[in-house]
Amino acid sequence: MKLKTLMMGAVTASAVLVAGSALAADTIKIGSVLSITGPASFLGDPEDKTLKMYVEKINAEGGVNGKQLELVVYDDAGDANNAKTFATRLVEEDKVVAIVGGSTTGTTMAMIPVFEDAELPFISLAGAVVIIDPVKKWVFKTPHTDKMACQKIFEDMKAKGISKIGMISGTGGFGKSMQAQCKGVAPDYGIEVLADETYGPKDSDMTPQLTNIKGTAGLQAVLNPGFGQGPAIVTRNYKQLGIELPLYQSHGVASKSFIDLAADAAEGVRLPAAALLVADKLDDADPQKAVVTGYKAMYEEKSGQAVSTFGGHAFDGLFILTDAMKRAGSEEPAAVRDEIEKTTGFMGTAGVVNMSATDHLGLDLTAFRMLEIKGGDWMLAK
Amino acid sequence: MAFLKGKYGVLLAIAIIVLILPVAFPSNYYFRIATLVWISALAVIGLNLLMGYAGQVSLGHAGFFGMGAYAVAVGPTHLGIPPVASALLGAASAGLLAFVVGRPILKLRGHYLAVATLGMGILVAMVLNNEAQWTGGPDGMPVSRLVLFGFKVKGPVMWYWITAGFLFVGAWLALNLVDSPLGRALRALHDSETAARVGGIDVARHKLIVFVISAVYAAVAGSLLAFFDGLVTPNTAGFLHSIQLVTMVVLGGMGSILGSLVGAAVLVTLPQALTVFHDYEHLMLGLMMMLFMIFLRRGIVPTLRDRIAGRVQ
């Protein structure tokens, strides 16, 4: 009986909430499913905070096309099955007109069929290139792909005359995908991968793999695609083993916690990252400066946390969407989708976005900056 | 509620629930939730046979679930095996793995199976995560839509009926099993292994049979989920999912088939209902679980049934 009462209570509570939102007719409903908790929370949490603070800001400034935005956010805890359920809920129950969300590639891929069937524009915040390649009519994404990070790194290596490298990759989704992408594009830059080591996401010591790399003759640099604490351990072990070659990390370590974890060993590490990380150090003439410093200041003030590029992806997604709604003059999904596809010269935290019917990402390599860690901070690499 | 005690009473109750719910469903979203409940319930019924009747705990049941799910993803994509045959193959290999793991372990007395399955479940999840060329790695892989007799099986409503059918058959088989000599032997060894042995029951063999059966239940449920979602990720085989299945069994009531359905229903629908609490969602979920365990200690169905029966007398 208690169960029944509790369930009834929950049902009534949700019914009241649904009724309440239905009353506010002059709103635009935007949906989002993010991995706010669980193993991918480092993505979902800043995305969630960013969306909420900017929807609030947009509404305070008069909304979009004279209507207030209403944001519905669900937490999938990093699980694709949950994500699909919440995606169905956004479409069927909340009747949203567009979606900005999907923290991981797995959750995004689970949700795509739901939004395609419902014909709603969906801007994903996940990394992998499969989301937009092949192009899907209703699906867009904001973060640069791992393939672009590989290209940026190899560009830098080529400029420095490096042609023989060793790789040590994490076996998490990110490291694995990037390892494959990097090996795919390496020949385009005349780069040979002579050593190819891997480590598990929870490994606490990578000395054996690095010893193999140290023992490989003829290497000129080492690349470490990976995410989370793994790359920090690699960096520390790298220093402990006294390997003198330049070490390249991926954009996966582009958060302050990497420098904290790797400490002195991080000195001299090079990596590609979004301009957001070095917002204050950009040239005043840099067209991206105003956007990234603005977002950084707002996020850090409102959330009390250091800015991360992941929240920036949500910022880009939200404003690509609202800009499209303004240009379309309505929130009608098909019209908004057409306008998103026509996005040109949009300046976001990830770079300049120029979308087209064949490119639903719209970023090029200039979106990445090559950074070097110096004195415990990011510096633009020369 | 006394009629729920009989075998046909339980089946009747399930049939009524399955037939009446669609009338009240306003949208596809509800069909999806119900379908997820039926799928979970199927796996939970299997696990409940093991936990409630053989008195063994499996902490790696999601591993079998994942094997079923990945069978229908990997089979058609990489090996050219038709989807339905892949599902059967998945169920068979899950059963075989259970046999291999269970045969030496179940000769021992005590909770060694829990430890062995814990390791096995984690191993399955690791393989699914690491063999990216086969499984797509941590991001998972797509499952092509099921085509039966030239007819595309698509949409939550259709899957609602299919999974409900599987649940019904699964429950019917489980109830028959409980009623059979095997079921009686299981109950005997659940109460006292020594007494059962004295009574001439081959304890190890009986436990092993149930373990294999429960693995097959999980694999079939996994295949259904993969077809329904059109995507599989290693999470389905993860440790947390194993724990979730065990929780469903305990919450609904060990040794109760109807309890399996109730346990699955509560754990699938609660997180959906609790989203209204936003940041306090997990807090509320924890609180409700605690309340259930304090006030309905033997599981929802057995406790309520006894309480109502007591009131009638």
Side-chain angles (χ1 to χ4, degrees), chain A residues 1-4 6-7 9-11 13-18 36-39 72-75 77-95 104-114 117 126-128 130 171-177 179-180 198 200-201, chain B residues 26-33 35-36 39 69 126 129-130 132-133 136-142 145 154-156 225-226 228-236 238 240-241 262 265-266 268-279 281-282 284 288 291-292 295-296 300 303-304 307-308:
Chain A
M1 287 303 108
K2 280 192 181 80
L3 164 72
K4 211 169 177 184
L6 284 172
M7 293 296 276
V11 170
S14 55
V16 167
L17 236 90
V18 169
I36 302 168
T37 58
V72 186
V73 183
Y74 293 119
D75 173 19
D79 184 71
N81 184 33
N82 282 346
K84 190 161 185 175
T85 303
F86 283 123
T88 314
R89 185 166 175 176
L90 285 176
V91 172
E92 303 273 348
E93 293 296 296
D94 301 313
K95 310 223 180 288
T104 71
T105 304
T107 58
T108 296
M109 294 309 281
M111 293 193 285
I112 284 175
V114 179
D117 286 349
V130 289
T171 50
F174 180 90
K176 204 155 211 156
S177 167
Q179 180 193 21
T198 58
Chain B
S27 79
N28 274 343
Y29 163 65
Y30 290 86
F31 279 97
R32 180 176 163 83
I33 297 288
T35 306
L36 292 175
I39 293 172
M126 275 173 74
N129 260 311
N130 291 334
Q133 68 276 26
D139 289 337
M141 70 182 289
R145 272 196 176 135
K154 190 185 158 183
L225 181 69
F228 176 51
D229 267 354
L231 180 98
V232 284
T233 58
N235 275 353
T236 49
L240 278 179
H241 190 208
V262 173
V266 170
V268 172
T269 52
L270 258 191
Q272 294 292 326
L274 293 179
T275 52
V276 294
F277 294 105
H278 293 288
D279 294 345
E281 193 186 323
H282 294 89
M284 290 299 293
M288 294 186 77
L291 291 176
F292 279 134
F295 293 107
L296 305 169
I300 295 171
T303 317
L304 288 183
R307 219 169 268 178
I308 289 164

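The chains referred to below are lettered A, B, ... by the order of the sequence lines, with proteins before strands, and numbering in each begins at 1.
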Chemist: For A:Thr171, enumerate each residue passing the side chain to side chain contact (heavy atoms under 4.5 Å, CB included) test, keeping only those at least two apart in sequence or located in another chain.
Modeler: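 In terms of side chain to side chain contact (heavy atoms under 4.5 Å, CB included), with neighbours along the sequence ignored, A:Thr171 is linked to A:Lys176, A:Thr198, A:Pro201, B:Asn130.
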Chemist: Using non-hydrogen atoms only, which part of B:Phe228 is less than 4.5 Å away from chain A: side chain, backbone, both, or neither?
Modeler: backbone
Chemist: In Å and rounded to the nearest 0.5 Å, what is the CZ to OH distance from A:Arg89 to B:Tyr29?
Modeler: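 Going from the CZ atom of A:Arg89 to the OH atom of B:Tyr29 covers 3.5 Å.
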Chemist: Under 4.5 Å heavy-atom distance to chain B, tell me which part of A:Asn82 shows up: side chain, backbone, both or neither.
Modeler: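 For A:Asn82, neither part sits under 4.5 Å from chain B.
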Chemist: By a 4.5 Å heavy-atom criterion (distance strictly below it), what part of A:Thr107 contacts chain B: side chain, backbone, both, or neither?
Modeler: neither
Chemist: Sort out for me which of B:Val232, B:Asn129, B:Thr233, B:Asn28 touches chain A most, counting heavy-atom pairs under 4.5 Å.
Modeler: B:Asn28
Chemist: Under 4.5 Å between any side-chain heavy atoms of A:Thr85 and B:Gln272, yes or no?
Modeler: yes
Chemist: Counting only N and O atoms by type, is there a donor-acceptor contact under 3.5 Å from the side chain of B:Asn235 to the main-chain atoms of A:Gly78?
Modeler: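 Looks like yes, one N/O pair under 3.5 Å.
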Chemist: Are any non-hydrogen side-chain atoms of B:Ser27 and A:Glu93 less than 4.5 angstrom apart?
Modeler: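 SC-SC contact between B:Ser27 and A:Glu93 confirmed.
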Chemist: If I take atom CG from residue A:Asp75 and atom OG1 from residue B:Thr275, how far apart are they, to the nearest 0.5 angstrom?
Modeler: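 Interatomic distance, A:Asp75 CG to B:Thr275 OG1, rounded to 0.5 Å: 10.5 Å.
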Chemist: Please enumerate all residues that pass side chain to side chain contact (heavy atoms under 4.5 Å, CB included) together with B:Val268, with sequence neighbours excluded.
Modeler: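 Checked B:Val268 against side chain to side chain contact (heavy atoms under 4.5 Å, CB included); matches are B:Ile33, B:Leu36, B:Val37, B:Ser40, B:Met248.
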Chemist: Taking all heavy atoms of B:Leu231 and all of A:Ala110, pick out the closest pair and write down the distance.
Modeler: CD2-CB, 3.5 Å
Chemist: Yes or no on side chain to side chain contact (heavy atoms under 4.5 Å, CB included) for B:Leu225 and A:Asn81, after CA distance, side-chain angles and deciding distance?
Modeler: CA-CA 9 Å; B:Leu225 181 69; A:Asn81 184 33; 3.9 Å; yes
Chemist: Heavy-atom distance under 4.5 Å to chain A: side chain of B:His241, backbone, both or neither?
Modeler: neither
Chemist: Please classify the contact between B:Leu240 and chain A as side chain, backbone, both or neither, with a heavy-atom cut-off of under 4.5 Å.
Modeler: neither
Chemist: Say you draw a straight line from CZ of B:Arg32 to NZ of A:Lys84; how long is it, rounded to the nearest 0.5 Å?
Modeler: 6.0 Å
